[in-house]
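Everything on this sheet refers to the single structure shown next.
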Amino acid sequence: MFSDESRFSLQFDSRRTLIWRAPGTRYHQENTIERHRYGGAGWLLLEGIVLGSRTDLHVQSVMMTGHIYRDVILEQHVRLFRGAMGAEFLFMDDNARPHRVNIVDECLQLEDITRMDWPAYSLDLNPIENVWYMLGRRIAARQLSPTCLPELRRALLDEWCNIPQDQIDNLILSMARRCKVCIASSGRHTPY
């Protein structure tokens with residue numbers, strides 16, 4: 001199971017700067033700048049994906065904490081998927097601070113949930129990042145853009161349900177290839 005959270009706001013400015021670079025150098029470390037800024041009012045979304053299924057989209061207005069992560073993601077979703085899948089279950093989240101607090105580690109140990117280790121700089125390894133991108137593109141493509149938080153919430157929930165499961169499954173099935181590329185790049189950014 002792959003789990004993550006992302007923030008969606010009413011401001012859709014991508015803040016992209018277009019530049020020219022030599023062919024084949026797009027993902028070189030010197031050409032990659034990480035930014036984590038979100039402007040304006042918005043929602044924090046939490047979700048998880050597995051082959052053939054996904055969790056409900058949880059929408060909240062508060063910041064992520066270890067308690068919220070444990071109570072919403074681990075207790076309501078991960079534990080249930082672990083029970084259904086058995087001993088082969090492997091859980092992947094990112095290295096965000098709320099995911100690494102003691103209460104989260106204790107919950108995972110108590111439920112006998114194995115967490116996949118992965119490099120701190122390889123946020124792009126998680127296929128759920130591509131699902132966030134799909135969701136954002138679907139929101140941006142709507143004929144009427146959301147103009148207030150309730151409209152944005154409804155649009156996010158609607159579009160989440162409309163993402164084809166086979167697209168999510170294809171992303172999950174690409175994990176072997178993603179891991180090979182991550183190892184080849186020494187845990188740095190990859191084209192995924």
Side-chain angles (χ1 to χ4, degrees), residues 1-10 34-136 138-139 149-150 152-161 163 165 168-169 171-172 175 178-179 182 187 189 192:
M1 175 179 217
F2 303 91
S3 177
D4 194 24
E5 65 272 343
S6 186
R7 182 162 160 67
F8 281 74
S9 68
L10 289 169
E34 288 189 33
R35 292 192 179 120
H36 303 283
R37 286 186 258 170
Y38 301 101
W43 296 106
L44 182 68
L45 309 180
L46 300 98
E47 54 113 334
I49 57 174
V50 296
L51 271 177
S53 189
R54 64 186 109 178
T55 67
D56 292 334
L57 189 64
H58 181 79
V59 182
Q60 67 183 43
S61 61
V62 296
M63 287 181 45
M64 174 59 64
T65 65
H67 284 41
I68 292 171
Y69 186 69
R70 180 196 62 195
D71 296 345
V72 173
I73 296 297
L74 298 181
E75 292 291 334
Q76 294 180 22
H77 299 293
V78 176
R79 186 174 56 83
L80 298 175
F81 275 94
R82 163 56 170 96
M85 297 179 77
E88 296 297 315
F89 183 79
L90 183 63
F91 179 60
M92 181 181 189
D93 59 10
D94 58 20
N95 291 315
R97 189 169 289 141
H99 304 171
R100 296 297 186 248
V101 296
N102 288 337
I103 60 168
V104 170
D105 290 338
E106 291 167 5
C107 180
L108 291 172
Q109 287 176 353
L110 182 67
E111 297 293 337
D112 194 30
I113 295 172
T114 303
R115 179 189 278 156
M116 181 179 173
D117 292 325
W118 64 312
Y121 292 107
S122 293
L123 300 176
D124 48 357
L125 181 62
N126 193 335
I128 214 164
E129 298 297 333
N130 298 89
V131 178
W132 292 132
Y133 178 75
M134 281 189 244
L135 182 60
R138 294 179 77 89
I139 296 294
L149 287 177
L152 178 60
R153 185 178 195 283
R154 277 191 301 277
L156 289 164
L157 291 169
D158 288 346
E159 295 301 338
W160 172 246
C161 293
I163 295 175
Q165 184 64 42
I168 294 172
D169 290 347
L171 290 169
I172 294 170
M175 277 305 294
R178 288 169 184 268
C179 289
C182 180
H189 293 279
Y192 292 102

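These numbers come from the heavy atoms of this one structure, side chains and all, not from hydrogens, waters or symmetry mates.
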Open item on the list: Restricting to non-hydrogen atoms, name the atom on G42 and the atom on R7 that form the minimum distance, rounded to 0.1 Å.
Closed with: C-NH1, 3.3 Å
Open item on the list: Using 0.5 Å steps for rounding, measure from the CG atom of L152 to the CG atom of L157.
Closed with: 9.5 Å
Task: Heavy-atom check, side chain of T114 versus side chain of F89, under 4.5 Å - done: no
Task: Interatomic spacing from CD1 in I113 to CG in L74 - rounded to 0.5 Å - done: 6.5 Å
- [ ] Dump the intermediate steps for side-chain contact (heavy atoms from CB on, under 4.5 Å) on R178 and L171, then the final yes or no.
- [x] CA-CA 10 Å; R178 288 169 184 268; L171 290 169; 3.4 Å; yes
Task: Shortest non-hydrogen separation from P127 to M175 and the atoms involved - done: CD-SD, 3.5 Å
Open item on the list: Is it the case that the side chain of R54 and the backbone of I168 share a donor-acceptor pair, with hydrogens and angles ignored and the cut-off at 3.5 Å?
Closed with: no
- [ ] Any chance you could measure D71, atom CG, to I103, atom CD1, to the nearest 0.5 Å?
- [x] 7.0 Å
- [ ] Could you label the plane-to-plane angle of the F91 and Y69 rings as parallel, tilted or perpendicular, counting under 30° as parallel and over 60° as perpendicular?
- [x] tilted
Task: From CA spacing to verdict: side-chain contact (heavy atoms from CB on, under 4.5 Å), R100, R115 - done: CA-CA 11 Å; R100 296 297 186 248; R115 179 189 278 156; 2.6 Å; yes
TODO: Would you mind reporting whether L44 and M63 have side-chain heavy atoms less than 4.5 Å apart?
DONE: no
Task: Spatial distance of atom CZ (R70) from atom CG (D105) [nearest 0.5 Å] - done: 12.0 Å
- [ ] Using a 4.5 Å cut-off on heavy atoms from C-beta on, say whether the side chain of H99 contacts that of E5.
- [x] yes
Open item on the list: To the closest 0.5 Å, what do you measure between CG (L57) and CZ (F8)?
Closed with: 8.5 Å
- [ ] Could you check if a side-chain atom of L45 sits within less than 4.5 angstrom of a side-chain atom of L135, using non-hydrogen atoms only?
- [x] yes
Open item on the list: Measuring only between side-chain heavy atoms, which start at C-beta, is H77 closer than 4.5 Å to S3?
Closed with: no
Task: Side-chain touch T55/M1, heavy atoms, less than 4.5 angstrom - done: yes
Open item on the list: A side-chain contact here means heavy atoms from C-beta on lying under 4.5 Å apart; do D112 and R82 qualify?
Closed with: yes
- [ ] First locate atom CD1 of I128, then atom CZ of F2, and finally report the distance between them rounded to the nearest 0.5 Å.
- [x] 9.0 Å
- [ ] Taking the side chain as every heavy atom from C-beta outward, state whether W160 and R138 have any pair of such atoms under 4.5 Å apart.
- [x] no
TODO: For residues G52 and D169, report the shortest heavy-atom separation together with the two atoms involved.
DONE: N-OD1, 2.8 Å
